[in-house]
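The structure appears right after this line, and notes come after that.
Below, all heavy atoms of this structure are taken into account, side chains as well, without hydrogens, waters or symmetry copies.
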Amino acid sequence: MDIAHTPAAERIARVLCGQRLSANAGGDSESAAKLVDDHWREHMSDALAVLRTLREPDQAMAEAGDPVIWEKMVLVAVEAAKPPKVTL
């Protein structure tokens, strides 16, 4: 099994950004890679909304694996995406 080296929320944000920018999806840019690199952070709130929605597996997903572990994994991804707390 492959394991990604980029956090889940960032990967989702990059996909959402690319979807909006790339001519291959729905945008206007013929080459959106640089634009995605520059603007994916603007899509983090949407990415977190997707992750929060996915924390509860549907019936087919639950039957395929352990829903408790799935929820823990998604919650870790959500927590990892939160900005660090600043203490003064």
Side-chain angles (χ1 to χ4, degrees):
M1 169 190 271
D2 291 332
I3 296 177
H5 297 284
T6 307
E10 179 180 338
R11 293 194 322 269
I12 294 169
R14 285 177 173 278
V15 167
L16 294 173
C17 185
Q19 179 185 27
R20 288 166 178 85
L21 295 174
S22 174
N24 293 329
D28 299 327
S29 180
E30 293 293 325
S31 179
K34 175 73 169 113
L35 287 169
V36 169
D37 284 343
D38 292 342
H39 296 282
W40 67 266
R41 288 167 190 82
E42 298 165 18
H43 300 272
M44 279 298 288
S45 62
D46 291 333
L48 284 168
V50 169
L51 278 171
R52 288 184 183 110
T53 299
L54 286 175
R55 83 173 181 265
E56 295 174 354
D58 61 27
Q59 189 63 41
M61 293 167 68
E63 290 171 6
D66 185 333
V68 173
I69 292 174
W70 172 266
E71 181 181 28
K72 286 179 183 179
M73 293 170 71
V74 173
L75 289 174
V76 166
V78 169
E79 191 63 32
K82 290 181 181 177
K85 293 182 179 178
V86 178
T87 56
L88 301 175

- prompt: Does V74 share a hydrophobic cluster with I12, counting links as ILVMFWY side-chain heavy atoms below 4.5 Å and allowing steps through other members?
  reply: yes
For V68, the hydrophobic cluster (side chain heavy atoms closer than 4.5 Å, chained through members) also holds none
**Q.** Within 6.0 angstrom of M61 CE, more than 12 heavy atoms from elsewhere
**A.** yes
Using a 4.5 Å side-chain heavy-atom cut-off and chaining through intermediate ILVMFWY residues, the residues clustered with L75 come out as none
Throw together a table of side-chain donor-acceptor distances under 3.5 angstrom for residues 41-55, partners on residues two or more places apart or in other chains.
unit_1 : atom_1 : unit_2 : atom_2 : d
E42    : OE2    : H39    : ND1    : 2.7
T53    : OG1    : A49    : O      : 2.9
R55    : NH1    : R52    : O      : 3.2

Grouping ILVMFWY residues whenever side-chain heavy atoms fall under 4.5 Å, the cluster of I3 otherwise contains none
Sorted by chain and number, sequence neighbours left out, salt bridge (Lys or Arg N to Asp or Glu O under 4.0 Å) with E63 holds for none
Quick note, salt bridge (Lys or Arg N to Asp or Glu O under 4.0 Å) partners involving residues 2-12, not counting sequence neighbours, are E10-R14
Residue pairs passing the side chain to side chain donor-acceptor pair (under 3.5 Å) test with at least one member in residues 67-77, sequence neighbours excluded, are none
Residues passing the salt bridge (Lys or Arg N to Asp or Glu O under 4.0 Å) test with D38, sequence neighbours excluded, are K34
